[in-house]
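Reviewing the structure listed below.
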Number of protein chains: 2
Amino acid sequence: MEVQVMEPRKVRKNYHHGDLRAELLRSARTLLEQQGISVLGLRAITRHAGVSSAAAAPHFGNLTGLLSALATTGYEELAAALEPVLEKGAHAAGLVYVRFAINNPGLFTLMFRSDVIDRKDPILATASTRTSRMLTLLIDNLKDHPPQRTRTGTRAAHWGKVHGLAVLAIDGFLDVLLSSQGEDMSLEDLLDDALR
Amino acid sequence: MEVQVMEPRKVRKNYHHGDLRAELLRSARTLLEQQGISVLGLRAITRHAGVSSAAAAPHFGNLTGLLSALATTGYEELAAALEPVLEKGAHAAGLVYVRFAINNPGLFTLMFRSDVIDRKDPILATASTRTSRMLTLLIDNLKDHPPQRTRTGTRAAHWGKVHGLAVLAIDGFLDVLLSSQGEDMSLEDLLDDALR
DNA sequence: GGAGGAATCTTATCATTGATAAGTTTGACT
DNA sequence: AGTCAAACTTATCAATGATAAGATTCCTCC
């Protein structure tokens with residue numbers, strides 16, 4: 001239906017979009033969440049944005065550049081969502097992490113698809129390490145003292161659990177777990193339980 | 001270098017390979033582990049097997065069919081690796097799970113790439129559910145009683161942790177965790193610690 | 001044992017993709 | 001106003017997966 005907020009800046013006749021870079025990222029994200037990662041081609045994105053298929057090159061170079069930029073926004077959003085709960089303990093933070101994944105399954109998946117994004121892209125690398133540093137910081141604030149573990153072990157254990165739950169939730173395996181069991185339990189309750 | 005064991009059955013002149021189906025799966029797996037999932041095209045696989053690019057169609061239909069069959073062998077191998085430790089507790093089983101992922105990173109990744117495999121393929125679905133049933137069975141045998149959890153919650157928590165560690169290990173994030181910390185610790189030790 | 005029929009494999013072709021060179025339009029700066 | 005660089009389009013290329021048509025081989029039934 002092309003919900004198009006009438007943009008006040010440029011008239012957008014033919015050439016020169018105004019902020020094509022941002023709109024390409026928007027289009028890509030919409031397509032990503034609506035139709036999945038497999039349709040996320042250069043032509044589909046530019047078509048959705050209403051420009052020619054070569055219009056992305058000046059802004060992103062190639063498809064990998066565009067997807068890397070999109071993944072970068074994902075890491076930034078995740079970090080922003082994590083920040084308010086930094087002091088609230090790992091349980092709350094785990095929920096935020098998994099909820100972000102469930103609410104943005106395409107984007108979250110893209111963030112860990114090293115075959116289509118360029119991890120050596122400096123901007124992406126910065127955002128990525130910032131987010132993971134935030135995560136380890138968060139885990140280190142943990143109240144329940146490590147029983148017999150290395151600090152690194154504790155970090156891996158928690159991040160692993162949270163990340164695994166996120167991935168399994170996106171792939172539908174948690175729903176399978178839920179429906180195979182008789183107990184009618186919401187996914188949210190299951191996560192709350194598993195993250196305890 | 002094309003290490004080619006002289007096959008005794010068919011002479012393999014031109015037509016009729018003998019067991020092309022198996023060889024295509026072998027070629028695909030080799031390429032997958034050697035060069036990553038992004039080069040796993042129909043043409044690359046058939047080229048590696050020394051046949052024409054249309055030779056896979058009679059056996060697998062299309063690329064998705066081939067990759068689904070390959071993923072199926074992955075689920076079967078994982079189940080076979082898990083079976084001997086079924087009684088040994090969740091710690092040992094977790095190690096087996098993650099080791100399988102680390103030793104077969106491409107295959108393991110493919111097994112959870114729902115965009116390139118067909119989860120509705122009956123054979124794949126059978127192998128997949130068999131493996132996950134084995135996993136839940138294994139977790140249910142757990143010694144450490146669930147503290148305050150639903151059984152489903154315990155299953156999700158354990159599978160999540162193990163799967164998350166596997167994924168993070170493949171993507172190199174655990175190495176980052178290890179190297180950022182001063183403690184020189186092997187990945188194996190880290191996993192052993194985190195899975196406790 | 002040979003002949004037909006079906007399955008396997010090849011060749012040729014098509015639509016589609018990402019990349020890129022060359023040309024056109026626009027905005028910015030002097 | 002005039003110039004120049006950036007943004008955008010058009011046209012084209014090599015490569016991909018799919019598939020139809022043809023060649024080869026295996027297998028079964030007479």
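Residue numbers begin at 1 in each chain, while the letters A, B, ... track the order of the sequences. Please read these numbers as outputs of a predicted model, since none were measured by experiment. Quick note: numbers below take in every heavy atom, side chains included, and nothing from hydrogens, waters or symmetry partners.
Close to D:dG17, at under 4.0 Å from its OP1 or OP2, lies no side-chain N or O of B:N62. Applying the 4.0 Å criterion to OP1 and OP2 of C:dA7, one finds that B:H59 has every side-chain N and O outside that range.
Distance CG (B:L40) to C1' (D:dT16): 14 Å, rounded to an integer number of Å. Spacing between atom CG of B:D19 and atom C1' of C:dT8 amounts to 13 Å, rounded to whole angstrom units. Protein atom CD1 of B:I45 is 11 Å distant from nucleotide atom P of D:dA18, rounded to whole Å. One can place CG of B:L20 at 17 Å from P of C:dA7, the figure rounded to the nearest angstrom. At whole-Å resolution of the value, CZ in A:R21 and P in D:dA6 are 16 Å apart. Computed from coordinates, the B:F60 CZ to D:dT19 C1' distance equals 18 Å when rounded to whole Å.
Comparing D:dC8, C:dT10, C:dC9 against the side chain of A:P58 picks out D:dC8 as the nearest. Among D:dT19, C:dC9, D:dG17, the nucleotide with an atom closest to any side-chain atom of B:L42 is D:dG17.
Summarising the local packing, CZ of B:R149 is surrounded by more than 12 heavy atoms from other residues, nucleotides or ligands at distances under 6.0 Å. Within a 6.0 Å radius of CZ in B:R133, no more than 12 heavy atoms belonging to other residues, nucleotides or ligands are found. When the shell of 6.0 Å around CZ of A:R119 is examined, it contains more than 12 heavy atoms from other residues, nucleotides or ligands.
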Polar atom pairs between nucleotides 11-15 of chain D and protein, under 3.5 Å, N or O only, would you list them?
none

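Here the side chain of A:N104 pairs a donor or acceptor atom with the backbone of A:F100 at under 3.5 angstrom. The backbone N or O of A:T154 sits less than 3.5 Å from a side-chain atom of A:H158, completing a donor-acceptor pair.
Remark: A:E76 does not engage A:R130 in a salt bridge, criterion side-chain N to carboxylate O under 4.0 Å.
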Chi angles and distances behind the side-chain hydrogen bond (donor to acceptor under 3.5 Å, both in side chains) call for A:D121, A:S68: CA-CA 7 Å; A:D121 179 308; A:S68 301; 4.8 Å; no
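Both A:L63 and B:A55 sit near DNA chain C, but only B:A55 has its closest nucleotide nearer the 5' end.
The rotation axes computed at either terminus of the helix from C:dG1-D:dC30 to C:dT30-D:dA1 lie 10° apart, taking five pairs at each end and rounding to 10 degrees.
By the side-chain hydrogen bond (donor to acceptor under 3.5 Å, both in side chains) test, B:S186 pairs with B:D189, sequence neighbours left out.
When ring centroids are compared, A:F173 and B:H163 stay outside the 6.0 Å threshold.
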